[in-house]
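Computation of the quantities below employed the complete heavy-atom set of this structure, encompassing side-chain atoms and omitting hydrogens, waters and symmetry-equivalent molecules.
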Amino acid sequence: MNRVVVITGGGSGIGAACARLLAAQGDRVVVIGRRRAPLAALADDIGALALVGDAASGECWRDELLPQILHAAGRIDCLLGCAGGMGLGQITEVSDAQWRQALDSNLNSAFASARACLPELVKTGGNLLLVASIASLAAGPAVCGYVTAKHALIGLMRSIARDYGPLGVRANALCPGWVTTPMADEEMQPLMAAHQLTLEQAYQRVCRDVPLRRPASAEEIARICRFLCSAEASAITGATLVADGGSSIVDVPTLAFTSL
């Protein structure tokens with residue numbers, strides 16, 4: 001029997017790239033998101049089951065998402081938590097509503113999804129992968145909500161790995177750097193406006209100190225996700241894998257010596 005893979009945030013970006021790659025290898029894919037149109041288009045293209053819902057809502061998981069998945073597929077072998085969003089602003093600029101939105105998009109979606117799916121993953125000896133960010137490891141400017149939530153994702157993953165490893169479930173996290181996705185394209189807009197840059201030039205600018213000198217594609221990140229969710233990674237759990245083109249190894253205080 002082919003695996004049943006549930007992907008939150010599956011309508012675009014990394015989630016959609018994972019859905020395409022895993023469906024192509026024969027997995028039965030369930031994509032979950034809030035926007036019906038991109039989910040439906042992807043599902044029609046790759047033969048996935050598309051479910052519209054709020055992955056951050058425990059009630060939605062209990063009453064809608066989980067029953068529909070089990071009715072259609074009967075099992076869950078892998079959960080890929082790709083849901084996320086921005087949490088802009090310095091702490092004194094962030095309203096209560098913005099703070100809650102950042103946590104819902106980036107942390108609570110992973111929490112509610114994992115809580116709902118773990119009993120099924122125990123039955124199948126499955127695994128889960130949370131797509132985090134290099135913002136899980138370091139702070140960018142004026143993204144307090146995003147940085148806080150992404151840091152917390154690592155703690156959530158470790159807790160799951162610690163508690164459910166004895167039951168045969170693996171849990172890991174992946175921390176991408178810049179990836180060419182619709183969300184990242186939107187982040188480039190202020191830079192493009194301030195410096196009269198094209199989108200490609202903006203990506204080049206933010207990657208100028210990255211050792212590989214470029215962003216990753218969503219397909220590159222999807223291939224890493226495929227590995228971590230596969231039997232080839234059967235001994236890997238509780239791990240945080242960084243896929244950032246080398247940006248996190250750069251010694252920032254020595255950047256001034258680069259042009260010497």
Side-chain angles (χ1 to χ4, degrees), residues 3-11 14-15 18-19 22 27-35 39 48-85 87 99-133 135-136 145-146 148-175 225 228-229 233 236-241:
R3 298 185 308 169
V4 175
V5 181
V6 176
I7 304 176
T8 65
I14 293 171
C18 288
L22 295 176
D27 289 325
R28 185 165 187 184
V29 174
V30 180
V31 286
I32 296 171
R34 294 188 179 191
R35 297 176 298 150
L39 286 174
L49 171 63
L51 299 178
V52 178
D54 181 4
S57 168
E59 181 178 348
C60 185
W61 270 104
R62 184 190 67 233
D63 297 339
E64 300 175 32
L65 298 175
L66 189 59
Q68 290 180 80
I69 294 168
L70 295 180
H71 176 75
R75 58 188 283 147
I76 299 173
D77 298 285
C78 179
L79 170 65
L80 238 173
C82 297
W99 179 253
R100 287 191 295 268
Q101 184 179 28
L103 294 184
D104 276 350
S105 297
N106 298 289
L107 176 61
N108 294 339
S109 58
F111 166 76
S113 302
R115 184 178 61 181
C117 293
L118 270 164
E120 301 304 320
L121 294 175
V122 170
K123 294 176 186 177
T124 58
N127 67 88
L128 65 88
L129 174 63
L130 303 181
V131 177
S133 167
S136 300
Y146 187 75
T148 302
K150 291 300 188 185
H151 270 66
L153 271 183
I154 303 301
L156 176 64
M157 175 276 293
R158 288 173 175 167
S159 181
I160 294 169
R162 179 71 174 84
D163 291 340
Y164 289 86
L167 300 177
V169 176
R170 297 189 298 112
N172 295 291
L174 177 63
C175 294
C225 292
L228 287 173
C229 293
I236 302 176
T237 194
T240 301
L241 180 62

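Applying the side chain to side chain donor-acceptor pair (under 3.5 Å) rule to Asp27 yields the partners Arg3, Gln25; only residues at least two apart in sequence or on another chain are considered. Take Ile160 and apply the side chain to side chain contact (heavy atoms under 4.5 Å, CB included) test, not counting sequence neighbours, and it matches Ala114, Leu118, Leu128, Leu156, Tyr164, Ala171. The side chain to side chain donor-acceptor pair (under 3.5 Å) search around Arg100 returns none, not counting sequence neighbours.
Expressed to the nearest 0.5 Å, how far CG of Leu51 lies from CD of Gln68 amounts to 5.0 Å. Expressed to the nearest 0.5 Å, how far CG of Leu174 lies from CG of Leu153 amounts to 11.5 Å.
The nearest pair of heavy atoms linking Ile32 to Gly53 is CG2-O, 4.3 Å. Across Arg170 and Thr237, no two heavy atoms sit closer than the pair CA-OG1, 3.3 Å. Considering every non-hydrogen atom in both Asn172 and Ala239, the closest pair reads OD1-N, 3.0 Å. Residue Leu39 comes nearest to Gly33 through the heavy atom pair CD1-N, 3.4 Å, listed as atom of the first residue, atom of the second, then distance. The shortest non-hydrogen separation linking Ile154 to Ala132 is CD1-CB, 4.2 Å. The shortest heavy-atom contact between Ala152 and Leu107 is CB-CD2, 3.7 Å.
For the salt bridge (Lys or Arg N to Asp or Glu O under 4.0 Å) condition, no pair includes a residue of residues 156-165, sequence neighbours left out. The side-chain hydrogen bond (donor to acceptor under 3.5 Å, both in side chains) contacts involving residues 106-123 comprise Trp61-Ser113, Asp104-Asn108, Asn106-Lys150, Glu120-Lys123, where partners must be two or more places apart or lie in separate chains. Legend: salt bridge (Lys or Arg N to Asp or Glu O under 4.0 Å) pairs involving residues 59-71, not counting sequence neighbours: none detected.
With hydrogens and angles disregarded, a donor-acceptor distance shorter than 3.5 Å links the side chain of Ser105 to the backbone of Gln101. Looking only at distances, no side-chain donor or acceptor of Asn127 sits under 3.5 Å from a matching main-chain atom of Val169.
Checking each of Cys78, Cys82, Cys225 against Ile7 for a side chain to side chain contact (heavy atoms under 4.5 Å, CB included) leaves exactly one that passes, namely Cys82. Partner of Leu241 under the side chain to side chain contact (heavy atoms under 4.5 Å, CB included) criterion, chosen from Leu228, Leu129, Ile236: Leu228.
For the pair Leu80 and Cys229, the minimum side-chain heavy-atom distance is below 4.5 Å. Annotation: side chain of Ile76 is in contact with side chain of Leu121 (closest heavy-atom distance under 4.5 Å).
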Any chance you could lay out the side chain to side chain contact (heavy atoms under 4.5 Å, CB included) test for Val6 and Leu65, step after step, and finish with the verdict?
CA-CA 10 Å; Val6 176; Leu65 298 175; over 6 Å; no
